[in-house]
Amino acid sequence: MEVLYFAWVRERIGVPREWVETSATTVAALVEELRAREDRYAAAFADLSALRVALDQELSDFDASLDGVREVAFFPPMTGG
Amino acid sequence: MEVLYFAWVRERIGVPREWVETSATTVAALVEELRAREDRYAAAFADLSALRVALDQELSDFDASLDGVREVAFFPPMTGG
Amino acid sequence: MRVSVQGERFELGLEAEAFAQANTSAGAIVTFTGIVRQADQGGLVAMEIEHYPGMTRKALTEIAQTALERWSLGDALVIHRYGRLAPGELIMMVATAARHRKDAFEAAEYLMDYLKSRAPFWKKEVLADGAENWVASKAEDEDALSRW
Amino acid sequence: MRVSVQGERFELGLEAEAFAQANTSAGAIVTFTGIVRQADQGGLVAMEIEHYPGMTRKALTEIAQTALERWSLGDALVIHRYGRLAPGELIMMVATAARHRKDAFEAAEYLMDYLKSRAPFWKKEVLADGAENWVASKAEDEDALSRW
């Protein structure tokens with residue numbers, strides 16, 4: 001699936017988006033897989049309380065299922081306005 | 001002293017301002033004097049709870065002293081904005 | 001701070017732009033604009049606004065000064081018209097500039113609440129059939145002051 | 001209702017005037033404008049605003065649609081920029097039109113509270129010495145949502 005990163009998550013991981021082959025069924029499981037990959041992922045995902053996730057461009061949470069999801073995005077709390 | 005009337009108080013009394021010779025020492029006493037004069041004053045001052053008063057262009061109340069006051073204004077509750 | 005009591009029309013766009021240009025260090029700008037709207041039953045021909053010339057400017061300045069101090073505003077603007085206004089015309093506006101949005105919003109609401117009930121203006125609706133109604137003050141407008 | 005996510009600058013005056021002209025039956029119009037202000041310690045060179053293109057417009061539209069329904073607004077406007085902005089430039093604005101001032105104010109504050117914490121924008125301060133700081137979200141901004 002397509003995985004997107006924004007703000008300092010993007011900076012830590014080093015790419016704005018990438019294709020990830022995964023059999024993870026939840027966001028939390030996907031995060032575990034990414035953390036195990038390389039230090040830059042471990043650094044980006046060190047503190048999940050400082051992260052937000054969107055599934056197919058809707059805000060979601062880390063317990064959510066990835067069933068049918070095409071696009072996952074990770075980012076810090078938003079600072080619009 | 002100079003007495004001013006605004007909005008429907010002005011319409012009931014029929015003039016926007018007039019000079020009133022009075023020895024009243026409070027606003028309430030001045031109102032009593034005016035009420036006793038003519039029906040149009042009695043009509044305008046029938047319900048004091050529907051009226052406001054300003055002394056020398058500062059909001060005040062009916063118990064206030066007229067000592068040193070040069071200009072008294074009577075009007076309904078304000079509807080600005 | 002600027003307070004204007006005027007018979008002449010004004011444009012929200014020009015006033016808001018000038019206020020923003022003068023307050024680029026502020027961070028947050030709020031404006032409120034009041035417009036003469038068509039009366040509920042239709043038939044509104046005009047809104048006549050009477051005021052107390054000697055007192056109006058002084059009252060508005062006091063209200064604005066209080067807002068400036070209480071919310072540490074960078075700036076405040078109050079414009080209020082008097083005279084005969086047609087439906088669709090602007091009656092008044094306020095603008096506030098502050099570092100943070102909460103202050104800009106609260107100060108603008110404070111200005112409006114006080115303008116409604118403490119500035120010496122009186123509105124009269126003139127209807128198509130010739131009827132004229134003084135707009136009654138609302139208990140909720142008086143109540144609104146209690147939150148400040 | 002109009003929602004615009006744009007890199008280009010906009011002018012408060014033009015936007016506010018057009019919004020007011022289109023809403024003369026409203027009675028009350030509120031605008032909020034956010035400006036890049038100089039950082040507390042000085043030395044702010046730019047504010048870089050990143051966003052999530054696929055999601056931003058959808059999120060803003062949902063927020064505005066909710067406000068329209070909840071406060072019976074006549075109209076709402078949301079403009080938000082992205083990209084590199086200099087101090088003094090406008091970041092965003094919202095405008096609301098309603099029959100009564102309370103609705104116009106509350107809806108504008110609602111829009112701002114949700115834009116702050118639920119619209120996918122991230123701000124980075126670029127300082128004169130080359131340092132870059134992602135603006136941290138504030139607990140008070142998250143808390144502000146609980147009042148709605």
Name each donor-acceptor pair under 3.5 Å that joins a side chain in residues 101-113 of chain D to protein atoms two or more places apart or in another chain, with its distance.
unit_1: D:Arg101; atom_1: NE; unit_2: C:Asp113; atom_2: OD1; d: 3.4
unit_1: D:Arg101; atom_1: NH1; unit_2: C:Asp141; atom_2: OD1; d: 3.1
unit_1: D:Arg101; atom_1: NH2; unit_2: C:Asp113; atom_2: OD1; d: 2.8
unit_1: D:Arg101; atom_1: NH2; unit_2: C:Asp141; atom_2: OD1; d: 3.3
unit_1: D:Lys102; atom_1: NZ; unit_2: D:Glu106; atom_2: OE2; d: 3.0
unit_1: D:Glu106; atom_1: OE1; unit_2: D:Trp71; atom_2: NE1; d: 2.8
unit_1: D:Glu109; atom_1: OE1; unit_2: D:Arg147; atom_2: NH1; d: 3.4
unit_1: D:Glu109; atom_1: OE1; unit_2: D:Arg147; atom_2: NH2; d: 3.3
unit_1: D:Asp113; atom_1: OD1; unit_2: C:Arg101; atom_2: NE; d: 3.4
unit_1: D:Asp113; atom_1: OD1; unit_2: C:Arg101; atom_2: NH2; d: 2.7
unit_1: D:Asp113; atom_1: OD2; unit_2: D:Arg147; atom_2: NE; d: 3.3
unit_1: D:Asp113; atom_1: OD2; unit_2: D:Arg147; atom_2: NH2; d: 3.0
unit_1: D:Asp113; atom_1: OD2; unit_2: D:Trp148; atom_2: NE1; d: 2.9

- Item | C:Ala16 versus D:Leu12, closest heavy-atom pair with distance |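 Smallest heavy-atom distance, with atoms named: O-CD2, 3.5 Å.
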- Determine the minimum heavy-atom distance between D:Ile35 and C:Ile29, stating which atoms define it.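 Of all heavy-atom pairs spanning D:Ile35 and C:Ile29, the closest is CD1-CD1, 3.6 Å.
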- Flag the pair D:Glu140 / C:His100 as yes when at least one side-chain heavy-atom distance between them is below 4.5 Å, and no otherwise.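 In short, these two side chains do not touch, never coming nearer than 4.5 Å.
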- Message: Among C:Glu15, C:Lys116, C:Glu89, C:Gln21, which residue has the highest count of heavy-atom pairs closer than 4.5 Å to chain D?
- Response: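 It is C:Lys116.
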- Query: With a 4.5 angstrom heavy-atom cut-off, which part of D:Val36 approaches chain C: side chain, backbone, both or neither?
  - Reply: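 The answer is the backbone of D:Val36.
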- What part of D:Ala28 gets closer than 4.5 Å to chain C, counting heavy atoms only: side chain, backbone, both or neither?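 Contact with chain C: backbone and side chain both.
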- Proximal component of C:Thr31, with respect to chain D [non-hydrogen, under 4.5 Å]: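 Contact with chain D is through both the backbone and side chain of C:Thr31.
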